[in-house]
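I have placed the structure first, in the form of structure tokens, so that the comments after it can refer back to it.
Just so it is clear: chains get the letters A, B, ... in the order the sequence lines come, proteins before strands, and each one is counted from 1.
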Amino acid sequence: MRASQFFIATLKEAPSDAEIVSHQLMLRAGLIKRLAGGIYSWMPMGLRVLRKVEAVVREEMDSAGAVELLMPAVIPAELWQETSRWEKYGPELLRLKDRHQRDFVIGPTHEEVVTDIARREIRSYRQLPRHFYQIQTKFRDEIRPRFGVMRGREFLMKDGYSFHASYADLEREYCNMHDTYSRIFSRLGLGFRAVAADTGSIGGTGSHEFHVLADSGEDAIAFCPDSDYAANIELAEAVAPASERDLSTLAMTKVATPNRTRCEDVAIFLGVSIQQTVKAIAVMHEADGRRDFALLLVRGDHTLNEIKAAKLPGLDPFRFASDAEVEEFLGCKPGYIGPVGVGANVRVIADRTVAVMANFVCGANEEGFHLTGVNWGRDIGEPSLVADIRNVVAGDPSPDGKGTLQLCRGIEVGHIFQLRTKYSEAMKCTFLNDQGQPQVMEMGCYGIGVSRIVGAAIEQNFDDRGICWPVAMAPFAVVIVPMGYAKSDAVRTAADELHANLAKAGVDVVLDNRDERPGVMFADWELVGVPHRVVVGERGLKEGKFEYKGRRDSEATMVPAAEILEFLQQRVCA
RNA sequence: CGGGGUGUAGCGCAGCCCGGUAGCGCGCUUGCUUUGGGAGCAAGAUGUCGAGAGUUCGAAUCCCUCCACCCCGACCA
């Protein structure tokens with residue numbers, strides 16, 4: 001490729017709305033252009049990167065035994081109604097009508113379509129298992145798109161769906177995909193971790209997420225440095241404290257705590273540690289016209305895990321109670337509420353940690369007052385339910401008992417699910433088993449955020465000059481930068497020849513024949529992040545040498561002209 | 001949806017408080033010089049000042065409405 005025939009659109013300054021480094025660099029390097037919130041054009045340079053990622057994903061999926069197809073982006077509503085997701089999915093699902101006023105959706109995911117294909121095409125156990133995948137543009141009308149392609153509304157996704165005659169076979173494929181994903185992210189040169197995850201609205205049982213580790217990640221991950229345990233904080237279990245509840249030694253006392261509504265402030269005001277305080281969160285569960293009010297208790301320094309709480313019996317789903325509802329049930333404004341003396345219509349649900357606390361501090365259900373020295377059993381009855389409802393914090397014991405947890409942040413780039421029969425049952429996706437009996441297929445579902453990977457990779461690979469692509473996803477593997485391409489016949493001849501030879505050898509090479517000033521060319525290619533650079537100049541040619549510099553190298557090295565081809569090939573393949 | 005903020009040239013910004021018909025840097029065009037790290041000099045082009053309505057002799061500036069975008073929150077594969 002010659003730069004003059006390509007399209008290079010670099011920017012010295014990043015547009016001001018780009019918040020994180022990958023977004024800024026993608027805009028500055030001219031990889032993407034924003035068209036609307038969360039909607040981007042992939043410019044030629046960016047598209048090359050995207051295609052590289054796609055190629056790796058496709059190769060590994062194919063060799064893992066999956067088979068590619070391409071499903072429509074526009075899907076008739078009837079399919080979504082069959083699984084009730086038409087009602088359940090919410091405003092994230094982009095709906096539209098055609099000229100006949102028929103309802104359609106722009107697919108955010110394709111369980112319905114692929115299940116429809118499977119139920120029409122697959123009749124016998126002899127045709128199973130089967131794994132279909134596609135690499136396709138998806139649309140999700142995110143509440144808040146941000147970070148460029150990391151959380152776009154339109155994005156490129158690899159989504160695969162497997163169909164099985166038995167759960168055991170689904171488990172086998174799930175492991176196969178776990179391995180395949182690990183290979184894909186390794187080949188792409190990413191630092192990643194597979195973590196146990198919540199299944200979210202897709203539903204199903206087992207699930208793992210693959211996270212690229214980066215401080216800018218939107219997800220928190222709990223992991224154990226001494227074992228393989230890793231889980232999304234949404235799911236990570238806060239194990240029950242090993243210790244017994246302390247003895248009640250203090251008398252319950254009402255104390256004035258004017259204008260102290262946060263545990264932190266109350267603790268400082270009363271001169272106790274925040275670990276002695278209990279935070280009460282008022283929630284409401286509505287079903288069949290009834291309203292059930294509940295108080296969720298976590299220790300003052302802990303935070304509520306809404307996903308865990310939403311799984312508790314009688315709370316699925318819940319919402320936070322309004323200030324008016326808090327007054328209605330407790331006779332007190334938020335900020336001073338607590339479990340002591342509440343009516344029988346208030347359910348008290350305590351986190352495991354809270355359940356073993358003694359002599360603690362909590363709201364008095366009277367504005368401006370808290371209670372100290374509160375004890376279970378003596379001052380209030382035992383909680384109606386003790387459960388794990390908090391987020392783990394660094395230093396908590398690992399659920400596998402092999403050390404303590406640490407926290408880090410990650411960008412979710414892959415997610416694998418065991419869907420089981422959630423969709424196949426709703427859509428009557430059956431086959432005849434070896435007994436000749438109809439049976440519902442077991443399903444798995446496996447996603448990779450292809451466009452998100454591009455952003456995630458940059459978050460892990462950049463310096464003050466720009467992007468430092470892993471070779472596998474670089475737009476070009478090698479750039480040839482000639483010094484005085486228009487002026488010097490010797491330089492032009494040598495650069496052209498090297499370019500031709502590299503291209504012939506199958507190396508993804510670009511020759512910068514724009515005849516820009518050296519500084520401009522250097523800066524552009526460092527910003528774009530091409531991993532290998534060869535400078536062709538009269539200075540070197542006189543000695544019969546080229547100058548090589550890796551994107552992350554601090555110094556350039558001189559390479560004899562006769563060896564340059566092999567030298568580069570070695571590095572590109574490494 | 002709630003809170004905050006921003007919309008002025010391709011990009012980054014000033015001007016707005018205190019109304020008088022728009023400017024800076026980068027980029028772009030042309031010429032000359034320069035040519036191993038984002039060149040120098042000279043000449044130039046580029047704006048419905050986000051949109052609409054209003055106040056005023058006069059609006060980028062003041063008032064109102066709307067739109068878009070960004071941040072925080074809620075929400076979310």
Side-chain angles (χ1 to χ4, degrees), chain A residues 8-20 23-24 27-30 33-39 85 88-93 107-111 138-148 150-153 155 157-159 197-204 207-211 218-219 232 234 304 306-307 310 317 319-320 322 411-417 419 445-452 465-466 481-488 491 512 514-528 533-542 546-547 549 556 558:
Chain A
I8 297 164
T10 54
L11 249 33
K12 274 194 192 171
E13 287 170 295
S16 58
D17 53 3
E19 192 72 6
I20 60 171
H23 190 195
Q24 291 169 354
L27 290 167
R28 283 190 56 205
K33 281 275 180 194
R34 194 187 73 89
L35 184 63
I39 300 177
R85 285 211 293 182
K88 285 185 186 156
Y89 213 87
E92 209 184 77
L93 180 64
T109 174
H110 278 69
E111 284 80 6
K138 299 267 188 274
F139 192 94
R140 292 182 194 174
D141 202 353
E142 294 279 351
I143 295 174
R144 186 137 92 88
R146 59 185 136 180
F147 303 152
M150 295 264 265
R151 181 170 287 275
R153 292 195 291 171
F155 57 98
M157 180 170 174
K158 187 288 293 180
D159 49 326
D198 185 66
T199 49
S201 67
I202 288 225
S207 167
H208 280 86
E209 291 169 350
F210 289 78
H211 284 265
E218 293 187 275
D219 288 287
N232 194 306
E234 291 175 347
L304 176 71
E306 293 175 42
I307 290 170
R319 60 174 172 82
F320 293 106
S322 67
I411 301 162
E412 182 189 350
V413 291
H415 202 156
I416 59 177
F417 301 83
L419 290 178
C445 148
Y446 321 90
I448 288 182
V450 176
S451 46
R452 180 180 280 186
R465 293 176 171 187
V481 182
M483 298 291 102
Y485 187 78
K487 282 270 167 62
S488 163
V491 166
D512 194 345
R514 293 177 298 173
D515 201 39
E516 282 283 356
R517 300 176 65 83
V520 172
M521 294 192 282
F522 292 153
D524 272 352
W525 293 112
E526 279 162 356
L527 175 60
V528 167
R533 183 183 83 189
V534 179
V535 175
V536 181
E538 288 196 315
R539 202 198 276 168
L541 288 179
K542 275 181 193 148
F546 293 110
E547 177 192 298
K549 188 163 180 288
M558 299 307 289

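For the P atoms, the distance from B/G25 to B/C17 is 25 Å, rounded to whole Å. Nucleotides B/G2 and B/A59 are separated by 34 Å at their P atoms, to the nearest Å. Spacing of C1' atoms, B/C11 relative to B/C57, comes out at 38 Å, to the nearest Å. B/A9 and B/A60 are spaced 14 Å apart, taking the P atom of each and rounding to whole Å.
Put simply, CD on A/Glu142 is 17 Å from C1' on B/C70, counting in whole angstrom units. B/A77 atom P lies 19 Å from atom NZ of A/Lys158, rounded to whole Å.
A/Arg153 contributes a side-chain N or O that, together with a main-chain N or O of A/Gly37, makes up a donor-acceptor pair within less than 3.5 Å.
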*Could you run through nucleotides 27-41 of chain B and give me one letter per nucleotide, 5' to 3': B if any protein heavy atom sits under 4.0 Å from the base, S if only the sugar-phosphate is that close, - if neither?*
S------BBBBBB--

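Regarding contacts with the backbone of B/C71, a side-chain N or O of A/Arg144 is found under 4.0 angstrom from either OP1 or OP2.
Relative to the six-membered ring of A/Phe522, A/Arg465 misses at least one condition, a distance below 6.0 Å or an angle of at most 45° to the axis.
When both pairing distances are held under 3.5 Å, B/U35 makes no Watson-Crick or G-U pair with any nucleotide shown.
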Protein and nucleotides 13-15 of chain B: nitrogen or oxygen contacts under 3.5 angstrom:
{"from": "B/C13", "atom 1": "OP2", "to": "A/Ser16", "atom 2": "OG", "distance (Å)": "3.1"}

*Could you go step by step and tell me if A/Glu547 and A/Arg539 meet the salt bridge (Lys or Arg N to Asp or Glu O under 4.0 Å) rule?*
CA-CA 10 Å; A/Glu547 177 192 298; A/Arg539 202 198 276 168; 5.1 Å; no

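Closest of all the heavy-atom pairs between A/Lys158 and A/Val450 is N-CG2, 3.7 Å.
Under the ring pair (Phe, Tyr, Trp, His ring centres under 6.0 Å) criterion, A/His110 pairs with no residue at all, not counting sequence neighbours.
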